Amino acid sequence: MSKNNLTNHIDFIRAIVAEDIRTNKWDGRVVTRFPPEPNGYLHIGHAKSICLNFGIAAENPGGQCNLRFDDTNPIKEEQQYIDSIIEDIKWLGWDWGDRLYFASDYFEQMYEYAVQLIKAGKAYVCDLNADEIRQYRGTLTEPGKDSPYRNRSTEENLDLFERMKAGKFPDGSRTLRAKIDMAHPNLNMRDPVMYRILHASHPRTGDKWCIYPTYDWAHGLEDCIEKVTHSICTLEFENHRPLYDWYLDALGVYHPRQYEFARLNMTYTVLSKRKLLQLVQAGLVNGWDDPRMPTISGLRRRGYSPTAIRNFCKHIGVNKFNSTIDIALLEHHVRQDLNKTSLRVMAVLKPLKVVIDNYPKGKVEQLEAVNNPEDPNAGTRKVPFSRELYIEQDDFMEDPPKKFYRLAPGREVRLRYAYFITCKDVVKNADGEIVELHCTYDPATRGGDAPDGRKVKSTLHWVSAEHSLKAQVRLYDHLFTKENPDDVEEGADFKSNLNPNSLETLRDCRVEPSLANTKPLSRYQFERLGYFCVDPDSSEETLIFNRTVSLRDPWAKIQRGQVRSR
RNA sequence: UGGGGAAUAGUGUAACGGUAGCACGACUGACUCUGAAUCAGUUAGUCCAGGUUCAAAUCCUGGUUCCCCAGCCA
């Protein structure tokens, strides 16, 4: 029936949720959560997880998705990250109602659960340091051995744990560990650490705590406290699920189920907070929101729409095996959305002056242009036309090769919404560079149609020299030169694959005057060029546009082919 | 070499014993006042080897390859 299989296909996690509803496993409840650690900015990979978790909640009656910060490691976490994460998820269009939670709000409760485990003989204070714990843990193929502190009395454990909390011991000197099995084939089960001593100030709890729960201990409890039903995380946590289950079973408390899916990988891109942080800290990009970054804030500044990102996430699927999405798919979705929604304007990136010799000096006409052919409601606007214009340098060739349809000596083309013009003369400077074209126009073609029905091979965009506005335009290319940035020479790292030409700034661009009062983050299509977005740094004195993505450009491909075959 | 996962066109993703489909990409062509969009078409796939069955991507057996785990990160 449906041509698009996406409309009736559900991924394996949604299938589980649907089955649980059918069998009434959770009394019909659907509660998910998105649990970022506030130690970096959100990126397109997080968007996949956000759309999954919030999407599942939204698709099911009464479904809820909590936004919960997993802030259990004060050393890496900062308020600025909390703020950006909230902003980004809102911008993507998701809503968590009043359910903004923090793991740190549960610290007291977690502590009491830990005491409960000690009393049950299932946790103990260990005096081994980090090195020693590693040595005692064994290896992938050899079992570990028990800590000498494993069999302390409950009283001693309670007392030591209490003193850990009270700040009596230095960082790293003791831990609280679960008493499981030092010979377990899953290393996560070899008496994992539940609490470590960290005399560090926390963005939210300040200096109240000097012991902090580890991820494995904390995460299940967070899910438990919030009565989550489906705890969705990425594949690398699959090995942790037995521990997630062990803690909740040992406590005998409400027990959500954890499901794992593959994280997003994308060509020409790194999606690891660690690597993105490196780029920011090394100054290799201009901050987390640099338009070349795959962060949500970077994509926003680049000109991506929430709709484009959500459509992309909908189409990439959810699975249990690693895959790398072609960045062309992301670009496809942004073109698809922007084609429908963005206003068209004319802008000339690399201006070439054109003088219409037979057009009266001083005359100005206001010609009508369509704002968005995909949306009749967008209306029309007036664009000024005069004797001196700019066209794109790339739209003229003195000695045109085959398949070049644009302007050339003696050739007639259309100026969009204006007139047919014919090139009569080429003016060059002392270096032989083309600096000006002299053309004639046909007054009968006003508006762009020839009454005699004659055709031209191409239509060019243009601006009036006198009326156009100066602008700066930033052209972006992939941040990395290799599909897989981690494919590096011995001894090098991903940064060696950075694309030195990922940003090209054009400072002598001209845009039509209707753009005079445009606002930051407004999105446009520059006709025949691509989609562009007003940069937040833009001002009335200096208009700045970021190229989101170019239009599909068959001519560019033909040209590359012609260059190659030379 | 312990344990846990996973393999379908170039890429991504469906088909849950019954015609291997869709999207992106690539390539044709039509249309076009954006070489865009739109429309029509072409291209190309079940990791391997056995087995069960009228029928296998799907079930069974045995291989192969890839990913994750030895943080007091998440």
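Note that this is a predicted model, so its numbers are computed, not measured. Each chain gets a letter, A, B and so on, in the order its sequence line appears, and its residues count up from 1.
Aromatic ring centroids of A:Y244 and A:H240 lie 6.0 Å or more apart. Residues A:Y101 and A:F69 keep their aromatic ring centres 6.0 Å or farther apart. In this structure, A:F385 has its ring center closer than 6.0 angstrom to the ring center of A:Y419. Ring centers of A:F532 and A:F545: at least 6.0 Å apart, outside the cut-off.
As judged by a 4.0 angstrom heavy-atom cut-off over every strand, A:H333 is placed among residues making no nucleic acid contact. Nucleic acid contact for A:L338: none, since no nucleic acid atom lies under 4.0 Å from a heavy atom of the residue. Heavy atoms of A:L529 sit nowhere under 4.0 angstrom from any nucleic acid atom. Across all strands shown, A:K340 has no heavy atoms under 4.0 Å from either base or sugar-phosphate atoms. At the heavy-atom level, A:T267 lies nowhere under 4.0 Å from the strands shown. Within 4.0 Å (heavy atoms only), A:L551 reaches at least one base atom of the nucleic acid.
For A:D245 and B:G4, the CG to C1' distance is 14 Å, given to the nearest whole Å. A straight line from CZ of A:F526 to P of B:A36 spans 20 Å, rounded to a whole angstrom. Separating the CG atom of A:D337 from the P atom of B:A37 is a distance of 15 Å, rounded to the nearest angstrom. Between A:L187 atom CG and B:C73 atom C1' there is a gap of 16 Å when expressed in whole angstrom units. Here the C1' atom of nucleotide B:C24 and the CD atom of A:Q336 are 11 Å apart, to the nearest Å. A straight line from CG of A:N339 to C1' of B:U32 spans 14 Å, rounded to a whole angstrom. Between A:Q258 atom CD and B:G4 atom P the separation is 16 Å, expressed in whole Å. What separates CD1 of A:I85 from P of B:A74 is a distance of 15 Å, to the nearest Å.
Using bins of under 30°, 30° to 60° and over 60° for the plane-to-plane angle, the ring pair A:Y41/A:W288 lands in the parallel bin.
Closest-nucleotide positions on RNA chain B for A:N39 and A:L415 were compared, and the one nearer the 5' end corresponds to A:L415. In terms of position along RNA chain B, the nucleotide closest to A:R335 lies nearer the 5' end than the nucleotide closest to the other residue of the pair A:R335 and A:H219.
Residue A:E37 places its side chain closer to B:C73 than to any other of B:C24, B:U13, B:C73. Among the nucleotides B:U34, B:C72, B:A37, the one closest to the side chain of A:R552 is B:A37. Minimum atom distance to the side chain of A:R196 is reached by B:C73, of the listed B:A70, B:U34, B:C73. For A:P373, whose side chain is taken as the heavy atoms from C-beta onward, the closest listed nucleotide among B:U34, B:C24, B:G35 is B:U34. Comparing atom distances between the A:I325 side chain and each of B:A15, B:G12, B:C73 picks out B:G12 as nearest. Of the listed nucleotides (B:U34, B:A70, B:G5), B:A70 has the atom at the smallest distance from the side chain of A:L140. Nearest to the side chain of A:H332, among B:A70, B:G25, B:G5, sits B:G25. Checked against B:A37, B:G2, B:A70, the side chain of A:E374 finds its nearest nucleotide in B:A37.
Atom C1' of B:U43 sits at a distance of 34 Å from the matching atom of B:C54, rounded to the whole Å. Comparing the same atom, P, in B:U61 and in B:U19 gives a spacing of 25 Å after rounding to whole Å. With P as the reference atom, B:G41 and B:A23 are 11 Å apart, rounded to whole Å. The separation of B:G17 from B:U58, taken at their C1' atoms, amounts to 7 Å, rounded to a whole angstrom. One C1' atom belongs to B:A14, the other to B:G21, and the distance between them is 7 Å to the nearest Å. With P as the reference atom, B:A44 and B:C27 are 16 Å apart, rounded to whole Å. B:U65 and B:A74 are spaced 29 Å apart, taking the C1' atom of each and rounding to whole Å. One C1' atom belongs to B:A56, the other to B:G18, and the distance between them is 10 Å to the nearest Å.
Phosphate contact (OP1/OP2 of B:A23, side-chain N/O of A:H315, threshold under 4.0 Å): absent. A sub-4.0 Å separation between OP1 or OP2 of B:A26 and a side-chain N or O of A:K557 is present. In terms of phosphate contacts, A:T72 brings a side-chain nitrogen or oxygen within less than 4.0 Å of OP1 or OP2 of B:A74. In terms of phosphate contacts, A:R241 brings no side-chain nitrogen or oxygen within less than 4.0 Å of OP1 or OP2 of B:C68. OP1 or OP2 of B:G71 sits under 4.0 Å from a side-chain N or O of A:R137. The side chain of A:S323 places an N or O atom within less than 4.0 Å of a non-bridging phosphate oxygen (OP1 or OP2) of B:U13. The side chain of A:R190 places no N or O atom within less than 4.0 Å of a non-bridging phosphate oxygen (OP1 or OP2) of B:G2. Taking only side-chain nitrogens and oxygens, A:R134 comes nearer than 4.0 Å to OP1 or OP2 of B:G71. Contact check, A:R528 against B:G35: a side-chain N or O comes under 4.0 Å of OP1 or OP2.
Residue-to-nucleotide contacts include no donor-acceptor pair under 3.5 Å from the side chain of A:N319 to the base of B:G12. Taking only distance into account, the side chain of A:H461 never meets the base of B:A36 through a donor-acceptor pair shorter than 3.5 Å. Remark: the A:N239 side chain and the B:C68 base include a donor-acceptor N/O pair separated by less than 3.5 Å.
With a 3.5 Å ceiling on both atom-pair distances, the Watson-Crick or G-U wobble partner of B:C66 is B:G5. With both pairing distances under 3.5 Å, B:C22 is matched to B:G12 as a Watson-Crick or G-U wobble pair. With a 3.5 Å ceiling on both atom-pair distances, the Watson-Crick or G-U wobble partner of B:C27 is B:G41. The base-pairing partner of B:A49, taking Watson-Crick or G-U wobble contacts with both distances under 3.5 Å, is B:U61.
With respect to the salt-bridge test (charged N to carboxylate O, under 4.0 angstrom), the residues A:D394 and A:R528 do not qualify. Between A:R33 and A:E222, no side-chain nitrogen of the basic residue sits less than 4.0 Å from a carboxylate oxygen of the acidic one, so the salt-bridge criterion is not met. Ionic pairing of A:E77 and A:R204 is not present here: no N-O contact between side-chain nitrogen and carboxylate oxygen is shorter than 4.0 angstrom.
In this structure, B:G29 shows a glycosidic angle more than 90 degrees from zero, which is the anti conformation.
A stacking contact between A:F321 and B:A7 is absent: the pair does not combine a ring-centre distance of less than 5.5 Å to the base's six-membered ring with planes differing by less than 30°.
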Could you walk me through whether A:S342 and A:Q525 pass side-chain hydrogen bond (donor to acceptor under 3.5 Å, both in side chains), step by step?
-> CA-CA 6 Å; A:S342 55; A:Q525 184 197 97; 5.3 Å; no
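A donor-acceptor pair under 3.5 Å is formed between the side chain of A:R411 and the backbone N or O of A:R406.
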